[in-house]
Amino acid sequence: MIVAKFGGSSLASAKQFEKVKKIVSSNPDIQVVVVSAPGKRQSGDIKITDYLYTLRSHYKYGVPEDKIEGEIMNRYKEISDDLNLGYRIEDEIKTFFDSCNKNTDTNRIVSRGEYFSARLMAECLGFEFVDAADVLHFTFDGELDEESSSIAVREAVETYGRIVVPGFYGSYPNGDIHLFSRGGSDITGSYIAAFLGADVYENWTDVSGVYKADPRIVKGAEVVESITYEELREMSYMGADVLHQNSVRPCQTHNIPIHIKNTNDPDAPGTYIIEEAKQERPVTGLACKKGFVNFFVYKRHMANQIGFVYDVLEIFKRYNVSVEHIPTGMDNITVVVQEANVSKCIHKILSDLKEELECEVDFEKDMSLVAVVGLNMIGHIGLSAKVLSILASENINIKMIVQSPDEMNIMVGVDTKDADHALDALYQGLHEQNLL
C-alpha cells in the first residue's frame, strides 16, 4: 500500500490535476491520496491559502470580500470545468461563503483550501472523499489523538477502499477545525501512512528530490539518492524545505520509507528517506538558514557564578523565545535566536538582561547559519578543518562554529551577505575533495 501526498504546485491547475491522475492511475498500490490547496500557477500568482487568510481578515474587519471570493471561486471552477467534472464545486463554495461572517473561525476558513481541492480530486480520480475532520482527531490542547485517529483512518480505508483526504487539518472533540503549521499537509500524509502501516509514503512536489544544496543558489547541485530520517530532519530544520520537518517522525517511528518525487517529472528517481541510507562520502548535504540575531552577554567572572546561564535563558523564556545556540566564553555568552521570534521584544530582552543580571549586553542582526550534515561525518578526522579552510580561502569571515555532540552536523555562522557565497563555496570545495 502507498499513501501519496501531492503539494500545492501539483494541484495549481487542471493540467496539474491531470498529471496527478496519470500518476495515481498507473499505480494501483496508491490507496490514499492526500492533497494540499492549489498553489501558484506561475510566478506572481497567489496561493489559495493566502487568499483565504486575506478573506478571513476581510470578514473580520468588514472589508468588501466579493473580489477575493470571486478569485477563489474562479480558481476551483476553472479546474473543474477544464476537467469536465460533473461535481458542481461552485455551489458548495458559494454555500460556504454565504455561511461566513466576522465571527467565523480562521481555521475553518483556511482549511477550505484543502477541503475543496480534495473534493475535486476525489471526483477526478473516482475515489471516495473522506474529510480530514472525520479521521484526524485532536485533543483540546492541540495534540493529535493518535489512537483514535488511527482507528478512524483504518476504518475509512476498509469501508471505501481508495480515498482522497484533504491535508493540513483535523478536528477538536467539539468539531472545531485545528490546523497543523503551514505546510502541514506533509504531516497529514505521514500520519496516515503510519496509521495504515504503508509500504511507502510518497510525497509529490515540484522538485526531483532532496538536493545536496539549494539548487537556486548552487548551480548544478545533485540530488541525494537516499538520506536518513535524522539527516533529513537536520537539513529541513536548517532551511531545506522540500519536506515539512515535523512530517518525518510518524514515518520514522514505524520505519516507513518516504519517497520524494516530482509531479512534473515522474520518471525521475527522486530521493528515498530511510532508516539506513548508503552513503559513501561523509557529507550528505548542506543547508542554509537566514535571519538570526546574536545577543552578546558579558560579565566578568561569569563562569564562577552558579546559575548565570540559567538566569539568561529564563529571560528569553519569559518572552516565549526559542534559543537556537549558546556559544560561551569565560566571561561571555552569545544567545542565538531567530530574528522573527524577537522582532517585537528585542529591546525588552536587552533591558531585562542588563538590569536583572547586571551585565553588559548588545545584539547583532543579519547572521545566517550554514549547516554541513552527514551521519558518515561521525569520527571523520579533519572535516571541520576542511570546512573552515574552504571558507577562509573565499575570504568569508566565520562568526560562530558549532558541532553537534553526535558529530552529524557542523554549523558555521556568517554574515547574511556572505551566506549564499558560503553555501556555494562549501558545495564546490567539499565536492572537489570527494567529501560530498
Side-chain angles (χ1 to χ4, degrees), residues 211-221 234-241 245 283-298 312-313 316 319 321-350 353-354 359-374 377 382-404 408-433 435-436:
Y211 285 83
K212 293 183 178 180
D214 189 335
R216 295 167 297 185
I217 298 171
V218 179
K219 303 303 180 185
E234 290 281 350
M235 291 184 65
S236 294
Y237 179 73
M238 288 304 301
D241 59 359
Q245 64 188 41
V283 179
T284 299
L286 310 174
C288 178
K289 195 170 186 178
K290 300 176 180 178
F292 288 93
V293 174
N294 293 330
F295 286 81
F296 303 110
V297 181
Y298 174 85
V312 170
L313 297 182
F316 283 89
Y319 293 96
V321 175
S322 176
V323 173
E324 304 284 333
H325 302 286
I326 319 172
T328 63
M330 287 298 295
D331 295 321
N332 62 81
I333 65 172
T334 301
V335 181
V336 182
V337 302
Q338 294 185 40
E339 183 174 355
N341 293 339
V342 293
S343 59
K344 297 179 180 179
C345 57
I346 284 180
H347 295 289
K348 291 181 180 179
I349 291 175
L350 290 171
L353 288 168
K354 186 173 183 178
C359 59
E360 297 178 27
V361 295
D362 200 356
F363 75 97
E364 178 185 50
K365 295 183 179 181
D366 295 325
M367 188 181 79
S368 295
L369 295 177
V370 180
V372 182
V373 178
M377 287 164 46
L383 188 58
S384 294
K386 291 182 173 67
V387 168
L388 299 182
S389 176
I390 290 169
L391 295 177
S393 69
E394 296 291 324
N395 294 316
I396 296 172
N397 181 49
I398 298 169
K399 307 178 75 65
M400 181 188 82
I401 178 167
V402 178
Q403 183 168 11
S404 61
M408 195 176 75
N409 189 347
I410 299 171
M411 278 181 285
V412 291
V414 300
D415 287 324
T416 295
K417 63 181 178 61
D418 295 325
D420 290 355
H421 183 194
L423 187 69
D424 185 66
L426 284 172
Y427 182 89
Q428 306 303 337
L430 293 171
H431 195 273
E432 288 172 4
Q433 298 179 54
L435 298 170
L436 171 64

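Numbers here are sequence positions counted from 1. Values below: all heavy atoms of this structure, side chains included; hydrogens, waters and symmetry mates excluded.
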What donor-acceptor contacts under 3.5 angstrom involve side-chain atoms of residues 331-342, with partners at least two apart or in another chain?
unit_1 : atom_1 : unit_2 : atom_2 : d
D331   : OD1    : H301   : N      : 2.8
Q338   : NE2    : E324   : OE2    : 2.9

May I have the list of side-chain donor-acceptor pairs in residues 411-426 shorter than 3.5 Å, sequence neighbours left out?
unit_1 : atom_1 : unit_2 : atom_2 : d
T416   : OG1    : D366   : O      : 3.1
T416   : OG1    : S368   : OG     : 2.9
D420   : OD1    : K290   : NZ     : 2.9
H421   : NE2    : E394   : OE1    : 2.9
D424   : OD1    : Q428   : NE2    : 3.3

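In this structure, the separation between CG on L436 and CG on L286 is 5.0 Å, given to the nearest 0.5 Å. For the atom pair CG (L350) and CG (D362), the distance works out to 7.5 Å, reported to the nearest 0.5 Å. Here CE of M235 is found 10.0 Å from CG of N409. Values are rounded to the nearest 0.5 Å. The NZ atom of K212 sits 5.0 Å away from atom NE2 of H431, with the distance rounded to the nearest 0.5 Å. For the atom pair Q433 CD and K386 NZ, the distance stands at 6.5 Å (nearest 0.5 Å).
Here the side chains of D214 and V218 are not in contact, with every heavy-atom distance at 4.5 Å or above. You'll find the side chain of V372 reaches within 4.5 Å of the side chain of L430, heavy atoms only. Counting only heavy atoms from C-beta outward, the side chains of C288 and I217 never approach each other to under 4.5 Å. Between L313 and I326 there is a side-chain heavy-atom pair separated by less than 4.5 Å. By the 4.5 Å heavy-atom criterion applied to side chains, F295 and V361 are not counted as neighbours. For the pair I346/Y319, no side-chain contact is recorded, criterion being any heavy-atom separation below 4.5 Å from C-beta on. In this structure, the side chains of M377 and V283 come closer than 4.5 Å at one or more pairs of heavy atoms.
S384 is linked by a side-chain contact (heavy atoms from CB on, under 4.5 Å) to Q403, I410, counting only residues two or more places apart in sequence or in another chain. Taking S404 as the reference, D406 meet the side-chain hydrogen bond (donor to acceptor under 3.5 Å, both in side chains) condition, with sequence neighbours excluded. Legend: residues meeting ring-ring contact (aromatic ring centres under 6.0 Å, His included) with F292, ordered by chain and number and at least two apart, are absent. In this structure E360 satisfies the side-chain contact (heavy atoms from CB on, under 4.5 Å) test together with Y298, sequence neighbours excluded. With sequence neighbours excluded, no residue forms a ring-ring contact (aromatic ring centres under 6.0 Å, His included) with Y211.
Nearest approach of C359 to V297, heavy atoms of both residues: SG-CG1, 3.6 Å.
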*Go through F363 and H347 one step at a time and tell me if the side-chain contact (heavy atoms from CB on, under 4.5 Å) criterion holds.*
CA-CA 9 Å; F363 75 97; H347 295 289; 4.2 Å; yes
